[in-house]
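Numbering of ligands and ligand atoms starts at 1, following listing order.
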Amino acid sequence: MKALFLNGPNLNLLGTRQPEVYGRQTLADIEALVRARATELGVEIDFRQSNHEGELVTWIQEARGRFDAIVLNAAAYTHTSVALRDAIAAVSIPTVEIHLSNIHAREEFRHRSLIAPVCRGQISGFGFQSYLLGLQAVVTLNERS
Ligand code: DQA
């Protein structure tokens, strides 16, 4: 199984960015944890980050035929991006939405996710563990399919 992890804007700043909200792990730390667990589970992963909406859209489009699942932390684009939503719907690759923080316990504008309706599910609020739970979720979805 091959899983694509995509990270949206400002997640390259993890470690120093509002650590009280997002934790002290850098994105590289999280990637290392995900890679270690993926190896145990026999999952091949690709792990990417972009601050550009269009680049994320292109990566989702290119995932067709190459990846079995996507784990997506769309960051702020979660709340704004029709383009990301349309890309996920277009490729029909099982996608799990993840967030470090609990978006439903924060400002009201974060409560709405434009991508949630086209994702298989949402994991929100478990810090870096959200990434490991996201990995587990796509493995489970893949086993069921
Ligand atoms: C986030 C939550 C978003 O609301 C925010 O814009 C982010 C990170 C999270 O992982 O908690 O950049 O997706």
*Compute the minimum heavy-atom distance from Arg17 to ligand 1 and say whether it is under 4.0 Å.*
yes
*Arg106 N/O to ligand 1 N/O under 3.5 Å*: no
For residues 54-66, tabulate all N or O donor-acceptor pairs below 3.5 Å that involve a side-chain atom, not counting sequence neighbours.
{"unit_1": "Glu55", "atom_1": "OE1", "unit_2": "Ser50", "atom_2": "OG", "d": "2.7"}
{"unit_1": "Thr58", "atom_1": "OG1", "unit_2": "Gly54", "atom_2": "O", "d": "3.0"}

*Quick one: does Ser101 get an N or O within less than 3.5 Å of an N or O on ligand 1?*
yes
*Closest approach of any protein heavy atom to atom 4 (O) of ligand 1, naming residue and atom*: His79 NE2, 2.7 Å
*Assess Thr78 for proximity to ligand 1: is some non-hydrogen atom of it under 4.0 Å away?*
no
*asked:* To check you understand the geometry: which heavy-atom pair defines the closest contact between Pro9 and Asn51, and what is its length?
replied: CA-OD1, 3.3 Å
*asked:* Looking only at distances, can you tell me whether any N or O atom of Leu100, backbone or side chain, sits closer than 3.5 Å to an N or O atom of ligand 1?
replied: yes
_Pairwise ring-ring contact (aromatic ring centres under 6.0 Å, His included) hits with a residue in residues 101-142, at least two apart_ = none
*Nearest to atom 8 (C) of ligand 1, what protein heavy atom do you find, and at what distance?*
Tyr22 CE2, 3.6 Å
*Can you find a non-hydrogen atom of Asn10 under 4.0 Å from ligand 1?*
no
*Would one find an N or O of Leu11, backbone or side chain, under 3.5 Å from an N or O of ligand 1?*
no
